[in-house]
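Every chain is numbered from 1, with letters handed out A, B, ... down the list of sequences.
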Protein chains: 2
Amino acid sequence: MEADTLELESFLPYRLYRLADAVSREFSRVYKDRHGLTRPEWRTLAGLGQHGTMTATALGEQSAMHKTKVSRAVSRLERRRWLARKPDEKDRRVEHLTLTNAGLAAYREMVPLAKAFERELLSKLSTGERVAIAEGLAALEAALGR
Amino acid sequence: MEADTLELESFLPYRLYRLADAVSREFSRVYKDRHGLTRPEWRTLAGLGQHGTMTATALGEQSAMHKTKVSRAVSRLERRRWLARKPDEKDRRVEHLTLTNAGLAAYREMVPLAKAFERELLSKLSTGERVAIAEGLAALEAALGR
DNA sequence: CCAAATTGGTTTCGTTTGTAACCATCGAAA
DNA sequence: TTTCGATGGTTACAAACGAAACCAATTTGG
């Protein structure tokens, strides 16, 4: 533990990123291998599946995506006919996005897989460890939200 | 908490990624704003600063980077004269990488900033929360390592 | 020994990304 | 009203990325 050296393996930003990358990569099989979706597309699908109808801006806020990511994900899902846009009546800049039946079907198919993935990952932890990760993540999230 | 819906905000892969992204983005100021480094370049610097001399393969393993990322990061740091390559005597495929004085100077300048960043982030947590995140991350890392 | 498989590292190619500029629309203020 | 700043969303461009092909050197196994 020398003072002028940084131990990368225990450096929090690195550990977080590495972990997120590994988990995310593993989970991407669910949407990438099966349907050829990108992560932004999956998140868009997940946001709309969860909330029904959203604007692009709301999607970006909910799922922490840059507006260009949202824009591209939306147009690709639209081209695939998994979502449809409806112009807002009062404000013609805004579009309301909704999943089509096909999109909803895909979402419904993936939700159990996502839950199973999470469950299996957590099943490798003890109860105490599960509590720890939940508390730790929540604390970090709260710390960053300021 | 409906059965056929996934709550993205509490979905572990999403939370991890979002957190890692936010933290990493914030930390990138240290190497990006100051020196125009990319993350792979920073990690390469950090690996060599920590271990002295490494091969590209070892770098990739230590810092969880794809070999093409390592290759590109190394050549950019070399062009900047922050690191030098030395061919291996016995195996001519292998190159041993070391920081030059300039590279080492940059590393030494950034280490305290990195540590300060981490310290400040963790200072927003209670002692219990710090323990929790440490234990939780370690548990997840262990779970993935199998 | 020699062919085949493996390994260290680079390059090529198509895709994804972020930044910034952009277009259209809206709201507020003069 | 007209103007000006803010907002919703798209596009253009350059940089970064991953997969796969690649090259050269080395090891393995027959």
> Does C:dT15 have OP1 or OP2 sitting under 4.0 Å from an N or O in the side chain of A:T38?
Replying inline: no
> Starting at the 5' end of DNA chain C, which residue's closest nucleotide do you reach first, B:E95 or B:R25?
Replying inline: B:E95
> Do B:R93 and D:dT26 have a side chain to base donor-acceptor pair shorter than 3.5 Å?
Replying inline: no
>> Both A:R76 and B:T55 contact DNA chain C. Taking the nearest nucleotide for each, which residue is further toward the 5' end?
In response: B:T55
> Less than 3.5 Å between a donor and an acceptor, one on the side chain of A:R72 and one on the base of C:dG18, is that the case here?
Replying inline: yes
> Side chain of B:R130, backbone of B:L122: donor and acceptor closer than 3.5 Å?
Replying inline: yes
> Taking atom C1' of C:dT16 as reference, at what distance in whole Å does atom CG of A:L37 sit?
Replying inline: 15 Å
> Are OP1 or OP2 of C:dT10 and a side-chain N or O of B:K67 less than 4.0 angstrom apart?
Replying inline: no
>> If I take atom NZ in residue B:K90 and atom P in nucleotide D:dT26, what distance separates them, rounded to the nearest angstrom?
In response: 12 Å
>> Quick check on A:K86: does its NZ atom have over 12 non-hydrogen neighbours (other residues, nucleotides or ligands) under 6.0 Å away?
In response: no
> Does B:T57 have a side-chain nitrogen or oxygen under 4.0 Å from the phosphate oxygens OP1 or OP2 of C:dG9?
Replying inline: yes
> What distance separates B:H96 NE2 from B:E89 CD, expressed to the nearest 0.5 Å?
Replying inline: 8.5 Å
>> In this structure, how many angstroms lie between the P atom of C:dG9 and the NZ atom of B:K86, rounded?
In response: 15 Å
> Can you check the A:K32 NZ to D:dC17 C1' distance for me, whole Å?
Replying inline: 10 Å
> Is there a donor-acceptor contact under 3.5 Å from the side chain of A:E41 to the main chain of A:R76?
Replying inline: no
> Toward the 5' end of DNA chain D, which comes first, B:D91 or A:V74, by nearest nucleotide?
Replying inline: A:V74
>> In the structure I gave you, are the side-chain heavy atoms of A:R39 and A:S24 within less than 4.5 Å of one another anywhere?
In response: yes
> Roughly how many Å is it from CG in A:D21 to P in D:dC17, rounded to a whole number?
Replying inline: 11 Å
>> Between B:R85 and C:dT10, is there a contact of a side-chain N or O with OP1 or OP2 at under 4.0 Å?
In response: yes
